[in-house]
Amino acid sequence: MVDGTGTTTDPWGLTTAPGSSAYTMHADPEADPPALICQVGSTTLRYHLRAVEDLHHWLVEQGDWVDLGAADEKKDAAPGTVEAFGRSPENPVGGWYGLRKGYRGRFGMYLPPLLEAQGLAEITHQPRNNRMRAI
């Protein structure tokens with residue numbers, strides 16, 4: 001279960017896979033393009049709203065555990081990770097799911113807990129090197 005309903009006034013309350021950082025997310029279907037707004041302290045990240053469905057579909061195709069591989073935009077993503085999917089030219093949006101230049105990374109950190117909270121995936125919750133798989 002997740003706190004909140006995912007609206008601007010009642011965002012989802014989430015924590016990263018290791019449980020070390022809390023953040024909120026909400027959907028903005030009226031944005032162009034429709035977006036997920038992720039608030040981490042004073043930092044706002046924006047991702048394509050379709051990322052939830054696309055990531056779940058990709059995880060189903062993988063058929064097993066996948067490393068999260070969270071990385072900042074300026075760092076390379078490890079191949080085969082959730083982070084690499086979130087910026088791959090072969091994904092359904094043809095590149096970055098992150099919409100705010102300079103803050104497009106960390107897809108593998110902030111999207112997986114939302115999928116888990118929505119019952120679409122499960123995540124390991126270790127201090128480091130977490131993985132996820134579709135349910």
Side-chain angles (χ1 to χ4, degrees):
M1 295 297 295
V2 63
D3 292 335
T5 58
T7 64
T8 304
T9 57
D10 189 27
W12 294 297
L14 302 162
T15 58
T16 56
S20 56
S21 297
Y23 62 100
T24 62
M25 288 186 107
H26 71 272
D28 185 356
E30 303 303 316
D32 185 22
L36 277 172
I37 312 303
C38 180
Q39 191 67 44
V40 185
S42 62
T43 303
T44 302
L45 297 98
R46 301 172 61 86
Y47 300 97
H48 282 278
L49 183 57
R50 65 178 290 170
V52 173
E53 183 179 322
D54 291 350
L55 178 55
H56 181 253
H57 180 76
W58 181 76
L59 289 168
V60 168
E61 288 178 348
Q62 303 315 297
D64 202 357
W65 291 98
V66 177
D67 290 335
L68 300 186
D72 289 330
E73 179 177 346
K74 293 181 181 178
K75 294 182 181 176
D76 290 335
T81 63
V82 171
E83 186 71 34
F85 168 78
R87 50 176 86 184
S88 171
E90 284 83 42
N91 70 32
V93 296
W96 295 93
Y97 276 93
L99 297 170
R100 185 175 172 211
K101 186 145 175 75
Y103 296 90
R104 297 182 296 182
R106 297 291 176 171
F107 183 84
M109 178 173 289
Y110 298 120
L111 266 291
L114 179 58
L115 270 70
E116 183 178 53
Q118 292 179 343
L120 299 172
E122 61 182 315
I123 303 173
T124 61
H125 295 279
Q126 304 302 316
R128 302 181 64 89
N129 302 320
N130 285 291
R131 303 178 302 155
M132 73 182 303
R133 67 179 174 186
I135 293 179

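Worth saying up front: this structure is predicted, and the values here are computed from it rather than measured.
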Inset, instruction - State, with a plain yes or no, whether a side-chain heavy atom of Leu68 is found less than 4.5 Å away from one of Met109. - result: no
Inset, instruction - Take His26 and Thr7 through the side-chain contact (heavy atoms from CB on, under 4.5 Å) test and state the conclusion after the steps. - result: CA-CA 5 Å; His26 71 272; Thr7 64; 5.7 Å; no
Taking the side chain from [X] and the backbone from [Y], do they hold a donor-acceptor pair closer than 3.5 Å?
{"X": "His125", "Y": "Pro18", "answer": "no"}
{"X": "Ser21", "Y": "Thr16", "answer": "no"}
{"X": "Gln39", "Y": "Gly41", "answer": "yes"}

Inset, instruction - Run the numbers on Leu36 and Val52 for side-chain contact (heavy atoms from CB on, under 4.5 Å), then give the verdict. - result: CA-CA 9 Å; Leu36 277 172; Val52 173; 3.8 Å; yes
How long is the gap from [atom1] on [X] to [atom2] on [Y], to the nearest 0.5 Å?
{"X": "Arg133", "Y": "Thr124", "atom1": "CZ", "atom2": "OG1", "result": "10.5 Å"}
{"X": "Ile123", "Y": "Glu116", "atom1": "CD1", "atom2": "CD", "result": "4.0 Å"}
{"X": "Tyr110", "Y": "Thr15", "atom1": "OH", "atom2": "OG1", "result": "11.5 Å"}
{"X": "Asn129", "Y": "Asp67", "atom1": "CG", "atom2": "CG", "result": "7.0 Å"}
{"X": "Ile135", "Y": "Gln118", "atom1": "CD1", "atom2": "CD", "result": "11.5 Å"}
{"X": "Leu120", "Y": "Leu111", "atom1": "CG", "atom2": "CG", "result": "11.0 Å"}

Locate the shortest heavy-atom distance separating [X] from [Y]; write the atom from each residue and the value.
{"X": "Leu14", "Y": "Pro113", "value": "CD2-O, 4.0 Å"}
{"X": "Pro11", "Y": "Thr24", "value": "CB-CB, 3.9 Å"}
{"X": "Gly4", "Y": "Trp12", "value": "O-CD1, 3.6 Å"}
{"X": "Ala51", "Y": "Phe107", "value": "CB-CE1, 3.7 Å"}
{"X": "Arg46", "Y": "Ala35", "value": "NH2-CB, 3.9 Å"}

Legend entry - His57-Glu53 side chain donor-acceptor pair, cut-off 3.5 Å: no
Inset, instruction - Could you name each residue pair satisfying salt bridge (Lys or Arg N to Asp or Glu O under 4.0 Å) that touches residues 29-41, not counting sequence neighbours? - result: none
Inset, instruction - Run the numbers on Glu83 and Lys75 for side-chain contact (heavy atoms from CB on, under 4.5 Å), then give the verdict. - result: CA-CA 11 Å; Glu83 186 71 34; Lys75 294 182 181 176; over 6 Å; no
Inset, instruction - Check step by step if side-chain contact (heavy atoms from CB on, under 4.5 Å) holds for Tyr47 and Ile37. - result: CA-CA 7 Å; Tyr47 300 97; Ile37 312 303; over 6 Å; no
Counting only pairs under 3.5 Å, give me each side-chain donor-acceptor contact of residues 91-106, with atom names and distances, residues two or more places apart or in other chains.
from	atom 1	to	atom 2	distance (Å)
Asn91	OD1	Val93	N	3.0
Asn91	OD1	Gly94	N	2.9
Asn91	OD1	Gly95	N	3.2
Asn91	ND2	Phe85	O	2.8
Asn91	ND2	Ser88	O	3.0
Asn91	ND2	Gly95	O	2.6
Tyr97	OH	Asp54	OD2	2.7
Arg100	NH1	Thr44	O	2.6
Arg104	NE	Glu73	OE2	2.9
Arg104	NH2	Glu73	OE2	2.7
Arg106	NE	Asp72	OD1	2.8
Arg106	NH2	Asp72	OD1	3.3

